[in-house]
Student: 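Handing you a structure now.
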Amino acid sequence: MENNMRPADMKRINTPELAMAFIDEQVKAVREQVGGKKVLLALSGGVDSSVVAALLIRAIGKQLVCVHVNHGLMRKGESEQVVEVFRNQMDANLIYVDVTDRFLDLLAGVDEPERKRKIIGGEFIKVFEEEARKLEGIDFLAQGTIYPDILESDGVKAHHNVGGLPDDFKFELVEPVRLLFKDEVRCVGHALGLPGSMVERQPFPGPGLGVRCLGAITRDRLAALRESDAILREEFDAAGLADQVWQFFTVVPDFRSTGVRDGKRAFDWPVIIRAVNTVDAMTATVPEIDWAVLQKITGRILAEVPRVCRVLYDLTPKPVGTIEWE
Ligand code: XMP
């Protein structure tokens with residue numbers, strides 16, 4: 001536990017120079033810890049696992065084996081970016097598994113939010129374990145545990161899921177950013193040359209789009225969710241809002257409403273825009289977004305996303321409404 005506590009004299013890593021010094025130190029420490037052995041990492045493409053991957057690639061190159069599980073509930077372009085950055089640009093040893101059909105088949109007809117979460121988390125561990133068992137000679141498991149995980153939840157990275165591996169399948173852990181706060185992890189990520197869009201990424205729930213496609217997930221509503229979310233991100237980026245608003249996304253509920261399209265009556269889904277500012281996600285406020293930006297997003301979603309006939313902006317602060325819808 002001792003080396004899981006931040007030393008009182010540890011400097012806050014907030015400059016490229018301090019980040020480089022941290023990287024050098026960790027590269028040495030990781031090489032010492034793992035020697036010539038292999039290390040496995042579940043690489044979601046989130047900030048923490050991406051920074052750990054880039055750091056370990058620098059330290060041990062192809063001794064690191066990354067597994068990216070695409071469960072079909074990623075945002076648009078995210079899995080593709082993981083492959084592009086880590087396999088194509090950093091030449092990482094990356095195993096990419098597309099298990100979209102497996103997840104969507106399992107989730108078909110399941111409308112209870114906690115069951116959806118359990119299925120997604122449980123199946124993720126299964127897929128990761130299956131992939132890991134195919135590999136030989138793995139001795140270490142790398143994790144993107146960060147300091148708040150240690151302070152808040154006994155060192156268990158809840159959304160990393162791999163904490164739930166079976167007892168006969170446990171490895172020694174490699175957790176090079178475990179003493180860092182989120183802003184420091186980002187600073188290290190920039191110094192490692194990761195793309196800004198990856199390092200500054202907003203929080204994204206482990207169950208991904210699964211908790212934003214309300215009720216029982218269907219492929220067509222999931223597609224509407226992914227496309228509308230991508231439009232929202234593009235327009236928030238273009239309006240300079242992406243780094244001013246803490247978290248923003250769309251939600252597609254499982255009911256329809258009437259509309260008129262091409263002179264004919266339509267009966268299609270609404271898309272709800274959710275945007276919040278918060279410090280710790282315990283309470284949140286809703287930012288006042290320029291009307292013209294909201295209108296542009298609305299126009300684009302209605303024109304570009306099939307089967308959507310209404311767009312709403314959620315004005316509810318937390319409390320009473322949670323940030324996610326389920
Ligand atoms: P709520 O909806 O509880 O969300 O106000 C607070 C923050 O937590 C994120 N969130 C999750 N993250 N797994 C995660 O890893 C989950 O099941 C989950 N549910 C909510 C949410 O996106 C927000 O940032």
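Whatever order the structure lists them in is the order used to number ligands and atoms, beginning at 1.
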Student: So with a 6.0 Å cut-off around CG of Asp262, is the heavy-atom count from everything else above 12?
Tutor: no
Student: At less than 4.0 angstrom from any non-hydrogen atom of Thr322, what atoms of ligand 1 do you find?
Tutor: 1 (P), 2 (O), 5 (O)
Student: Which is closest to atom 19 (N) of ligand 1 in terms of heavy atoms, Lys116, Arg117, Glu324?
Tutor: Arg117
Student: Once you restrict to heavy atoms under 4.0 Å, what part of Pro207 touches ligand 1? Side chain, backbone, both or neither.
Tutor: side chain
Student: Parallel, tilted or perpendicular: which one describes the rings of Phe169 and Phe171, with boundaries at 30° and 60°?
Tutor: perpendicular
Student: Nearest non-hydrogen atom to atom 5 (O) of ligand 1 belongs to which of Glu114, Arg274, Lys318?
Tutor: Lys318
Student: Quick check on contacts: which atoms of ligand 1 are under 4.0 angstrom from a heavy atom of Gly206?
Tutor: 13 (N), 14 (C), 15 (O)
Student: Is Arg274 positioned over the aromatic face of Phe248, cation under 6.0 angstrom from the ring centre and no more than 45 degrees off axis?
Tutor: no
Student: Cation-pi check for Phe204 against Arg75: NZ or CZ below 6.0 Å from the six-membered ring centre and within 45 degrees of the axis, yes or no?
Tutor: yes
Student: Ligand 1 versus Trp246, non-hydrogen atoms closer than 4.0 Å: side chain, backbone, both, neither?
Tutor: side chain
Student: Going by atom types only, do Ser257 and Arg310 share a side-chain donor-acceptor pair under 3.5 Å?
Tutor: yes
